[in-house]
There are 2 protein chains.
Amino acid sequence: MPEEQWTPPPVLLAVDLVILTLRNSRLHVLLVERGVEPYRGARALPGGFLNNSDEGLEEAAHRELREEAGLDASQLHLEQIAAYGEPGRDPRGRIVSVAYLAIAPSLPEPAAGTDAVGASWVPVDDVLCRGIELAFDHYDIVVDGVERARKKLERTALATAFCGSTFTIAELQQVYEAVWGVRLDPRNFYRKVQAVPGFIVETGVSRRTKRGRPARLFRAGKRTVLNPPIMRPNRLPGEGNHE
Amino acid sequence: MPEEQWTPPPVLLAVDLVILTLRNSRLHVLLVERGVEPYRGARALPGGFLNNSDEGLEEAAHRELREEAGLDASQLHLEQIAAYGEPGRDPRGRIVSVAYLAIAPSLPEPAAGTDAVGASWVPVDDVLCRGIELAFDHYDIVVDGVERARKKLERTALATAFCGSTFTIAELQQVYEAVWGVRLDPRNFYRKVQAVPGFIVETGVSRRTKRGRPARLFRAGKRTVLNPPIMRPNRLPGEGNHE
DNA sequence: GCAAAAGTGTTCATCTTACACCCATGA
DNA sequence: TCATGGGTGTAAGATGAACACTTTTGC
């Protein structure tokens, strides 16, 4: 913090949301269609400006979550990704956006009660492969958000945020497979997650029915840091070099 | 990004720096002493407001690095930590700060040619144990910055940013030990870092002198992501629960 | 009974750890 | 020569991948 008399230039602050969920075993992100210029017609992350000078950043994220995605703030994971402030990122002027990552459990609703036009769940793969054009620098933000989720699956209980209040181990495995984009051995995964103290706890009421033997139901434990961690399978030795 | 006609409230944007370095095998952070209210006399992170509406966030971080710490922007690691924007974090008004983490190699100078009064390197342990009072929410920012560095040592070549252009494996080990606050077996560390392709490369000119057998000199390789990673020794099973 | 999914046991390869030991230098 | 730190070998234990096999359900 500086000591100058000179008054620093004010900037406009926005909050954008990367809301991830699983829909039929694939990772999806919530996108809205822009109704006005710039980038009219393109898809963008839900978000908006700070309401007033007294609104906190996370508070604004919670409000947007409610307004634009119809998701209740409580009981869903929310964390900051980063601030995006390159001059020129928004043609309307100097706007700095603070991006948040939200994880929602799989819900039956199509895209939740949204008031923004054209809100829809889009497979993350379609976005990452640039099959869908995003407004502003929102592509970068999605990349960073997904990467954050991928990393946090290893050492934190983030995966349970994708599940309902109770879940089977197979469902938990689908979270890891969808977010990491890999296949895991169900038998080894089964033991591995149970070997982490406090990660998941068995609800006595064990069963559920679909096909085959019923599975025990678990709920998220209190422990948020995983020890030992659930490590992502090794990429082949000669590979990836991005930060 | 919203579509409202209403004009959002502008906020002031600041940039704060967590500059880490090693000084005689201990992790230090650069702090300045505040000359004006609020928090006059307390220590704070170096930083300042955006210069003008055209200055980028990282650009501002580079400028502060030069102005307040006398460190050349080029060839030192710089990455964003997060945005800190709770209303009330600064008694002067609504100020949102974007914090950056910088890693500087061990330099002979006491605190570098600073123009801020009372800039000094402070052992990170003294800050984390709250032995030193920091202004604003700068304690939280230091915690987040150090935690970021600790995590990135495992999977990235960040440790080499603490070293000069060439370094011995023992020096690299001191980085890991100081940042993680653990002791490592030199023999096992020696082989482990060399087993990561592209992490460090041997400079033909191998020697250096102090006491005992001379060590080979290495420089940072091109690979920034470590595979396999250098994992932090396991904390005991019943432990830590913070996010 | 059969298919399918849950859950268990076991093997083999790999990695980690601990530590004995040798090497090259300054004093 | 001894002390000191650099560098190598190796064996025991822990971990992880692969996969055969048993259990419990719906049909």
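Proteins get letters first, then strands, A, B, ... in listed order; numbering begins at 1 in each. These numbers come from the heavy atoms of this one structure, side chains and all, not from hydrogens, waters or symmetry mates.
- Of the candidates dA17(D), dA18(C), dT25(C), the closest approach to any side-chain atom of R207(B) belongs to dT25(C).
- The nearest whole Å value for the distance from the CG atom in L226(B) to the P atom in dC15(C) is 15 Å.
- Counting to the nearest Å, the P atom of dT17(C) and the CE atom of M231(B) are 10 Å from each other.
- Here CG of L76(B) is found 8.0 Å from CD1 of I19(B). Values are rounded to the nearest 0.5 Å.
- Side-chain atoms of R213(B) stay outside donor-acceptor range of the base of dG26(C), with no qualifying N/O pair under 3.5 Å.
- Side-chain to base pairing of R211(B) with dG6(D): no donor and acceptor N or O lie closer than 3.5 Å to each other.
- With rounding to whole Å, I200(A) atom CD1 is found 14 Å from dA6(C) atom C1'.
- Rounded to whole angstrom, the span from the CG atom of L184(A) across to the C1' atom of dA6(C) amounts to 17 Å.
- Here dT10(C) presents its P atom at 15 Å from CG of N188(A), a figure rounded to the nearest Å.
- Residue-level contact check: R187(B) touches the bases, meaning some heavy atom is under 4.0 Å from a base atom.
- Distance L217(B) CG to dG6(D) C1': 12 Å, rounded to the nearest Å.
- In this structure, R191(A) reaches the bases: a heavy-atom distance under 4.0 Å links it to at least one base atom across the strands shown.
- Rounded to a whole Å, the CZ atom of R216(A) is 11 Å from the C1' atom of dT8(C).
- Here the side chain of H138(B) pairs a donor or acceptor atom with the backbone of L45(B) at under 3.5 angstrom.
- Map D185(A) and P214(A) each onto its nearest nucleotide of DNA chain D; the residue landing nearer the 5' end is D185(A).
- Evaluated for a side chain to side chain donor-acceptor pair (under 3.5 Å) with Y84(A), the options D16(A), D137(A), D144(A), D140(A) yield exactly one hit, D144(A).
- Of all nucleotides listed (dT25(C), dT8(D), dG9(D)), dT8(D) comes nearest to the side chain of Y190(B).
- Atom CD of E79(A) sits about 7.5 Å away from atom OG1 of T156(A), to the nearest 0.5 Å.
- When the side-chain nitrogen and oxygen atoms of K192(A) are compared with OP1 and OP2 of dA17(D), one or more of them lie within a distance under 4.0 Å.
- Looking at R148(B), its side chain does come within 3.5 Å of a backbone N or O of I81(B) through a donor-acceptor pair.
- The separation between F218(A) atom CZ and dG7(C) atom C1' is 10 Å, rounded to whole Å.
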